[in-house]
2 protein chains.
Amino acid sequence: MPRFVTHLEGAIDGERLPADKLLTVHKDRPIWVRYDLAAVGKALTKQALRGRHETLWRYRELLPYFDDADIVALGERMSPLLRCQRLGAKFGLKNLWVKDESQLPTGSFKSRGMAMAITMARRLGVKRVALPTAGNAGGAAAAYAARAGLECFVFMPEDTPAVNQYECAMAGAKTFLVNGLINDCGRIVREGKERLGWFDLSTLKEPYRLEGKKTMGLELAEQFEWRLPHVILYPTGGGTGLVGMWKAFAELKTLGWLESDKLPRMVSVQSDGCAPIVRAFEAGQRFAEPFANAHTVASGLRVPAAVGDFMILDAIRASGGTAIAVDERRLTEWLRLASSLEGIPICPEAAACVGALETLTAQAWIKPDEQVVVFNTGAAQKYVEAIRCDLPRIDVKQSLDWDSIAG
Amino acid sequence: MPRFVTHLEGAIDGERLPADKLLTVHKDRPIWVRYDLAAVGKALTKQALRGRHETLWRYRELLPYFDDADIVALGERMSPLLRCQRLGAKFGLKNLWVKDESQLPTGSFKSRGMAMAITMARRLGVKRVALPTAGNAGGAAAAYAARAGLECFVFMPEDTPAVNQYECAMAGAKTFLVNGLINDCGRIVREGKERLGWFDLSTLKEPYRLEGKKTMGLELAEQFEWRLPHVILYPTGGGTGLVGMWKAFAELKTLGWLESDKLPRMVSVQSDGCAPIVRAFEAGQRFAEPFANAHTVASGLRVPAAVGDFMILDAIRASGGTAIAVDERRLTEWLRLASSLEGIPICPEAAACVGALETLTAQAWIKPDEQVVVFNTGAAQKYVEAIRCDLPRIDVKQSLDWDSIAG
């Protein structure tokens with residue numbers, strides 16, 4: 001049994017489940033990991049944390065793994081929290097930060113979840129993992145599987161961004177392009193579980209990716225000196241990060257580590273090309289209808305049906321937050337605006353959050369003095385298709401046109 | 001004057017130069033930054049270092065900047081030092097590490113130098129920077145310039161990897177494709193210095209990128225608990241990193257911080273498609289002839305003439321190291337080997353170092369028990385052209401061929 005874990009728990013019905021073997025889902029819905037937080041509080045202090053290395057493993061008492069020797073690591077650091085005064089000023093905000101996940105292994109926040117899931121899967125006897133993905137999750141799974149010495153199978157729609165395709169193959173995963181949608185890929189993985197003994201790493205289909213993503217919330221709390229910001233904007237596909245952060249805040253509250261009882265308003269941001277959570281939020285529903293004809297250059301947002309929909313919607317509502325869809329056609333504009341003002345490579349998913357800032361500040365839903373955090377979930381460099389542009393050319397055989405160069 | 005800096009120094013003749021204004025080159029050759037190391041030793045202890053954040057700024061007493069308020073930062077962390085047992089075993093090595101620079105801002109080690117150069121340039125009054133580049137330097141310069149609020153001009157050969165082109169434009173740099181070589185781009189920058197008041201950020205054409213790169217050596221020493229490894233393999237284009245690390249070791253030795261007098265043997269690794277340093281090393285020369293018809297997919301190695309050639313060659317020889325060129329045609333093979341064994345996205349430049357491992361262990365130049373470090377200078381994901389591959393396809397309208405999927 002992982003040291004401070006007491007049990008697992010079905011998210012849909014609260015049923016208590018054992019933590020000493022590898023579970024997947026419970027009644028087709030996700031599973032929570034539960035801890036003895038009183039014991040964690042005795043074993044760990046905020047002061048003791050300060051002396052530890054700045055990786056996500058510093059929170060080990062709040063993570064599910066058994067022994068340090070089990071850890072499958074690629075150097076997953078605490079991601080930097082970067083103050084953005086120029087970008088903030090565009091929207092009249094005095095206190096805007098970007099938490100930049102592009103500096104994690106494989107250039108995205110997916111490494112947090114995969115580090116934890118692969119650590120646990122290997123410890124619990126798994127030899128072969130598989131997942132459907134249309135974005136950064138495949139590369140992260142392939143990298144951690146390689147690091148762990150596990151076989152990895154990845155299935156992607158054929159319009160998945162090129163870098164995401166190649167990075168899986170490069171890391172040795174058996175990678176396949178499917179002439180269908182993400183749910184076609186998911187079906188192949190489900191069949192392969194039976195036939196080939198794969199362990200399914202799909203979002204929220206095992207309990208541990210969520211615990212890895214939870215560290216975004218733990219880091220944020222520590223980086224803000226245990227006084228959380230007013231608003232968090234989170235680009236939402238499968239929603240594991242938003243749900244994970246909300247879980248982190250609840251655990252920190254129980255531990256008594258937060259300096260204020262006030263928790264952030266969680267904002268789920270989607271593209272209007274794929275906005276199932278926004279629709280459900282607006283309709284007052286707890287479960288989201290699958291979104292038909294989903295399309296967006298923000299590949300991480302192209303999740304037409306999220307198995308954790310009710311966990312996302314519960315968290316948004318409990319926090320007094322909101323869900324907002326932005327104009328797909330303007331993602332590239334926001335990407336360039338934010339990247340050029342701050343030098344942070346804002347991916348299309350985070351660009352959606354910049355769009356949401358525009359709307360929410362105009363509506364005064366966010367006030368000028370509030371502390372606001374936007375998550376940059378991955379490196380824009382991985383989205384060649386989205387950042388492609390025509391660059392001006394210089395012919396060395398002709399004399400230089402200095403006016404046009406100076407611009 | 002930066003606090004612990006005493007003066008600058010011409011690298012070609014040792015001439016003492018002032019440190020309170022922005023210099024570029026001295027007699028067309030690079031400039032060293034010199035410190036009052038006795039004063040540094042009184043101001044900073046190894047013990048005090050431990051309490052600082054794990055970014056390159058933790059070494060502030062050994063860095064040239066004036067005030068903390070001047071720092072232009074994007075979260076440049078200490079890069080992880082990852083033990084690689086599987087890759088090591090391939091070459092009979094028991095103690096192989098990769099220092100993974102892919103997790104720095106903009107996904108490459110170039111951020112170290114640019115963070116420092118832009119910090120100093122802005123402080124010393126620069127408004128507009130420019131550089132020629134055929135790889136990751138452009139993106140890093142553009143990002144830090146954006147973060148600093150400076151204008152940035154980038155000139156690239158038109159066959160520069162696509163991601164490197166787009167990342168500059170994305171960060172707001174005025175980016176131009178030139179139908180020529182890197183030296184054609186360099187010529188445009190030299191002309192623009194006069195005409196448009198640009199500050200030239202070219203490799204070793206100002207003193208501070210070198211100081212940023214030096215932090216690779218400082219980190220390595222600290223991560224190895226002040227007892228340096230036996231061998232360092234460094235992919236060498238402009239060579240700033242190799243020269244910077246060697247400078248770091250010398251400063252640490254003077255400070256008395258190293259546990260052993262024995263310094264690493266520095267190995268400069270190039271592709272046989274562009275190997276000017278290797279040629280000069282083998283010929284016993286201190287200066288390298290320009291390499292004609294330079295070509296390599298490892299864009300960072302495509303430097304036919306390095307202005308710091310003598311500094312690189314001096315360091316290699318002083319260390320008892322060597323210089324080695326590997327087969328350009330095998331870079332992709334080594335990239336895939338290392339990436340799939342360890343899950344680290346080994347870029348083509350680092351793949352050259354893997355090739356060098358093959359040769360140097362076969363020759364017993366490196367012994368099985370020696371501690372060996374390979375630098376992964378950037379994220380392989382940025383080299384779409386090099387990692388591109390044909391992936392197998394699955395047609396959802398047909399029944400699945402499980403034997404071919406299982407492989």
Side-chain angles (χ1 to χ4, degrees), chain A residues 53-54 74-75 77 80 82 86 100 103-107 143-144 146-147 149 158 162-163 165-167 169-172 174-180 184 188 191-192 195-196 335-336 339-345 379-382 384 387-389 391-396 400 402 405-407, chain B residues 53-54 74-75 77 80 82 86 100 103-107 143-144 146-147 149 158 162-163 165-167 169-172 174-180 184 188 191-192 195-196 335-336 339-345 379-382 384 387-389 391-396 400 402 405-407:
Chain A
H53 284 300
E54 292 175 341
L74 287 166
R77 70 177 300 190
L82 300 171
R86 268 187 218 98
D100 186 14
Q103 295 176 45
L104 283 159
T106 72
Y144 284 94
R147 187 77 175 152
E158 57 193 1
V163 172
Q165 298 178 24
Y166 306 146
E167 67 177 335
M170 174 181 91
K174 287 174 180 152
T175 310
F176 299 88
L177 295 182
V178 177
N179 63 345
D184 294 303
I188 297 171
E191 286 188 41
R195 284 175 176 270
L196 299 178
L335 182 160
R336 289 176 188 280
S339 299
S340 62
L341 284 175
E342 298 293 351
I344 303 166
Q381 284 90 346
K382 295 183 77 178
V384 189
I387 64 173
R388 178 164 285 148
C389 62
L391 294 173
R393 288 171 182 270
I394 291 178
D395 185 346
V396 291
L400 295 170
W402 286 103
I405 290 174
Chain B
H53 284 300
E54 293 175 340
L74 288 167
R77 69 177 301 192
L82 300 171
R86 270 187 217 96
D100 186 13
Q103 295 176 45
L104 283 159
T106 72
Y144 284 93
R147 187 77 174 151
E158 56 193 0
V163 172
Q165 297 178 24
Y166 305 146
E167 68 178 334
M170 174 182 91
K174 288 175 180 150
T175 310
F176 300 88
L177 295 181
V178 177
N179 63 346
D184 294 303
I188 297 170
E191 284 188 43
R195 284 175 177 270
L196 299 178
L335 182 160
R336 289 177 188 279
S339 298
S340 62
L341 284 175
E342 299 292 350
I344 304 165
Q381 285 90 345
K382 295 182 77 178
V384 189
I387 65 172
R388 177 166 285 149
C389 61
L391 294 172
R393 286 170 184 271
I394 290 177
D395 185 346
V396 292
L400 294 170
W402 286 104
I405 290 174

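Quick caveat: nothing in here was measured; it's all calculated off a predicted structure. Chain A is the first sequence line, chain B the second, and so forth, proteins listed ahead of strands; every chain is numbered from 1. Atom set for the values below is all heavy atoms of this structure, side chains included, hydrogens, waters and symmetry mates excluded.
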Asks: Over all heavy atoms of both residues, which pair between A146(A) and S340(B) is shortest? Give the atoms and the distance, please.
Replies: CB-O, 3.3 Å
Asks: With a 4.5 angstrom heavy-atom cut-off, which part of L400(B) approaches chain A: side chain, backbone, both or neither?
Replies: side chain
Asks: Just give me the residue among D395(A), V384(A), D184(A) that pairs up with chain B most often, heavy atom to heavy atom, under 4.5 Å.
Replies: D395(A)
Asks: With a 4.5 angstrom heavy-atom cut-off, which part of R77(B) approaches chain A: side chain, backbone, both or neither?
Replies: both
Asks: I'd like to verify something: which residue of R388(A), E158(A), K382(A) has the highest number of heavy-atom pairs under 4.5 Å with chain B?
Replies: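 Sorted descending by pairs with chain B, the first entry is R388(A).
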Asks: Can you measure from OG1 (T175(B)) to CG (L391(A)) and round to the nearest 0.5 angstrom?
Replies: 6.0 Å
Asks: Nearest 0.5 Å, please: how far is CZ in R147(A) from CG in L82(B)?
Replies: 5.0 Å
Asks: Does the side chain of P345(A) reach to within under 4.5 Å of the side chain of E167(B), using non-hydrogen atoms?
Replies: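 Not in contact.
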Asks: Sort L341(B) into side chain, backbone, both or neither according to what part of it lies under 4.5 angstrom from a heavy atom of chain A.
Replies: backbone
Asks: Check each atom of A379(B) against the heavy atoms of chain A and say whether the ones under 4.5 Å are side chain, backbone, both or neither.
Replies: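 Answer is neither: A379(B) stays 4.5 Å or more from chain A.
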Asks: I need the minimum non-hydrogen distance between W402(A) and I188(B), along with the two atoms involved.
Replies: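 Taking W402(A) first and I188(B) second, the nearest heavy atoms are CH2-O, 3.5 Å.
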Asks: Kindly determine whether K174(B) and I405(A) satisfy side-chain contact (heavy atoms from CB on, under 4.5 Å), including the steps that lead there.
Replies: CA-CA 8 Å; K174(B) 288 175 180 150; I405(A) 290 174; over 6 Å; no
Asks: Quick one: which of G172(A), A143(A), G107(A) has the most heavy-atom pairs under 4.5 Å with chain B, could you say?
Replies: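 Looking at each option in turn, the highest pair count goes to A143(A).
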Asks: At a heavy-atom separation under 4.5 Å, does R393(A) approach chain B through its side chain, its backbone, both, or neither?
Replies: both
Asks: Name the region of Y144(B), side chain, backbone, both or neither, that has any atom closer than 4.5 Å to a heavy atom of chain A.
Replies: neither
Asks: Enter the distance from M170(A):CE to I344(B):CD1 here, rounded to the nearest 0.5 Å.
Replies: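 Answer rounded to 0.5 Å: 10.5 Å.
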Asks: Give the minimum heavy-atom separation between E342(B) and L74(A), together with the two atoms involved.
Replies: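 Smallest heavy-atom distance, with atoms named: O-CD2, 3.6 Å.
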Asks: If you tally heavy-atom pairs under 4.5 Å against chain A, which of G180(B), G407(B), A406(B) wins?
Replies: A406(B)
